[in-house]
Amino acid sequence: MKNKVTIQDIADALQLSRITVSKVLNDSPNVSTETRELVLQKVKEMNYKTINYTSHQTEPLQMKSFAFVMHMAPDAFHIGSSIITQLQQELRKKNYTLTLHTITQEDIDSMTLPPNLNKAQVEGIICLEIFHEEYSKLLCSLDIPLLFIDACVNFSILGLHCDLLMMENRASVYRMLRFLCQRRKLNSMGFVGDKDHCLSFRERYEGFFLAANTYGIETEPYRIIAEDYFYGQEGWLARQLRQMKKLPELFFCANDMLAQTLIQNLNELGYQVPRDIIVCGFDGLPTRNPLLNNLTTVRIPTRELGCYAANLIFSRMQRPERLSSTTYLPTEICFCDLLRTEESDIFLPE
């Protein structure tokens, strides 16, 4: 017997969409008075347990703040840690603080804000790696300044009124692989990652595919593309490698963590990187893992991301009516292990 009432139950009872019910429960202004009253009445009738996000709106605010929203708490070597540190420094210059909020799967399923996020007490929201389309729409419906750092694959067609900050992905991957194709005269390349996981992964895949097409490189038998959760399953990636009749000369991985997993699996199969197979990644973040510190990769400008994030959210505050914008920050290509063995400069020549 089902005891817990969900947002979907309320939506079904009123023949409304779940996003509309979520807007009401999160006190979004983009809902008609009639619809709001219907939803609130049904919430009482069905005894739905929810948090009253507006209960403290009349209390005086102690200090101005921005909310930093992410899907998981970052560790010391995650891109989020560097961005948060720089954001805090930039916001402090203008007497703002930064509050941190983690989105759980339960929040996404119920289409509700985290319990500690009161939209009446924040001047704006910065979202890092929020890749769920409907939840992205929910955050935009709060009608306060909003910035996404990376986003869902179909972000551009959602028509959201907000700003997007990205690292440059497509061209940097293309330039890195173009250089390797020319220098090593490659005939085969493989891709590892979920190209539909997020916008940055999709753009990296497009850079990979463009380089392969430009130089007539074979890729079809060597692309390991599956939903993101597969790559964390023990033995799954090794099985994909064993199923290949022949391995490619180069693997490009959608990020450095996938590259680390791939290198470990290749080593277990008796291959050495980069002597036998070249492996490239993307991120270039500091880590204690020697596999990643010596990896051919593209470095993300994490400090600059934090600075630009602050500038963009302040700009949106000052001019909330301006058109949505997408900003790309340049990245840096580093060949580390690969070209060091050839006694060459480690940075890609222009």
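This chain uses plain numbering: 1 for the first residue, then up along the sequence.
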Can a donor-acceptor pair be found, under 3.5 Å and without considering hydrogens, that links the side chain of [X] to the backbone of [Y]?
X      : Y      : answer
Asp150 : Glu129 : no
Gln240 : Trp236 : yes
Ser315 : Leu312 : no
Tyr48  : Lys42  : no
Glu168 : Ala171 : yes
Asp12  : Asp9   : no
Thr99  : Phe66  : yes
Asp107 : His71  : no
Arg202 : Lys195 : yes
Thr331 : Ile300 : no

With rounding to the nearest 0.5 Å, note down the distance linking [atom1] in [X] to [atom2] in [Y].
X      : Y      : atom1 : atom2 : result
Leu210 : Arg170 : CG    : CZ    : 9.0 Å
Cys140 : Ile125 : SG    : CD1   : 9.0 Å
Thr219 : Asn213 : OG1   : CG    : 7.0 Å
Glu220 : Ser188 : CD    : OG    : 13.5 Å
Leu98  : Glu90  : CG    : CD    : 12.0 Å
Glu45  : Asn47  : CD    : CG    : 11.5 Å

Are the side chains of [X] and [Y] in touch, meaning some heavy atoms are under 4.5 Å apart?
X      : Y      : result
Leu262 : Val273 : no
Tyr205 : His197 : no
Phe179 : Ile333 : no
Ile278 : Arg184 : yes
Asn265 : Leu269 : no
Cys162 : Phe155 : yes
Lys119 : Asn26  : no
Leu14  : Thr35  : no

Would the number of heavy atoms belonging to other residues, nucleotides or ligands and lying under 6.0 Å from [atom1] of [X] be above 12?
X      : atom1 : answer
Gln105 : CD    : yes
Phe314 : CZ    : yes
Gln15  : CD    : no
Tyr308 : OH    : no
Arg322 : CZ    : yes
Arg239 : CZ    : yes

Item checked: CA sep, side-chain torsions, deciding dist, call: Met176, Thr296, side-chain contact (heavy atoms from CB on, under 4.5 Å) -> CA-CA 9 Å; Met176 177 173 65; Thr296 294; 4.1 Å; yes
State yes or no: do [X] and [Y] share one hydrophobic cluster built from I, L, V, M, F, W and Y residues joined by side-chain heavy-atom distances below 4.5 Å, directly or via other members?
X      : Y      : value
Ile7   : Leu139 : yes
Leu329 : Leu128 : yes
Tyr96  : Leu305 : yes
Tyr135 : Phe131 : no
Leu25  : Leu16  : yes

Next item on the list: Take Asn169 and Ser200, measure what side chain to side chain donor-acceptor pair (under 3.5 Å) needs, and give me the verdict at the end.
Entry: CA-CA 6 Å; Asn169 296 288; Ser200 60; 4.9 Å; no
Note to self: Working note: Tyr231 + Thr261, criterion side-chain contact (heavy atoms from CB on, under 4.5 Å); need CA distance, chi angles, decisive distance, verdict.
What the structure shows: CA-CA 8 Å; Tyr231 298 92; Thr261 303; over 6 Å; no
Restricting to non-hydrogen atoms, name the atom on [X] and the atom on [Y] that form the minimum distance, rounded to 0.1 Å.
X      : Y      : answer
Phe282 : Ala254 : CB-O, 3.7 Å
Ser324 : Arg316 : CA-NH2, 3.6 Å
Leu199 : Cys152 : CB-O, 3.7 Å
Ala259 : Cys280 : CB-O, 4.3 Å
Cys127 : Leu146 : SG-CD1, 3.6 Å
Thr97  : Ser65  : OG1-CB, 3.0 Å

Check: Is there a salt bridge (charged side-chain N to carboxylate O under 4.0 Å, His left out) between Arg204 and Glu206 once you walk through the steps?
Finding: CA-CA 5 Å; Arg204 293 168 196 177; Glu206 291 171 353; over 6 Å; no
Next item on the list: Show your reasoning for whether side chain to side chain donor-acceptor pair (under 3.5 Å) applies to Asp256 and Gln260.
Entry: CA-CA 6 Å; Asp256 287 353; Gln260 174 190 338; over 6 Å; no
Notebook entry, point to check: Is any side-chain N of the basic residue among Lys64 and Glu123 closer than 4.0 Å to the acidic one's carboxylate O?
Noted result: no
Notebook entry, point to check: Where do Ile84 and Met70 land on the side-chain contact (heavy atoms from CB on, under 4.5 Å) test, with the steps shown first?
Noted result: CA-CA 11 Å; Ile84 290 170; Met70 53 206 147; 4.2 Å; yes
Next item on the list: Take Thr327 and Asp163 through the side-chain contact (heavy atoms from CB on, under 4.5 Å) test and state the conclusion after the steps.
Entry: CA-CA 8 Å; Thr327 302; Asp163 297 307; over 6 Å; no
Next item on the list: Measure up the Phe208 and Phe252 rings against each other and bin them: parallel (under 30°), tilted (30 to 60°), perpendicular (over 60°).
Entry: parallel
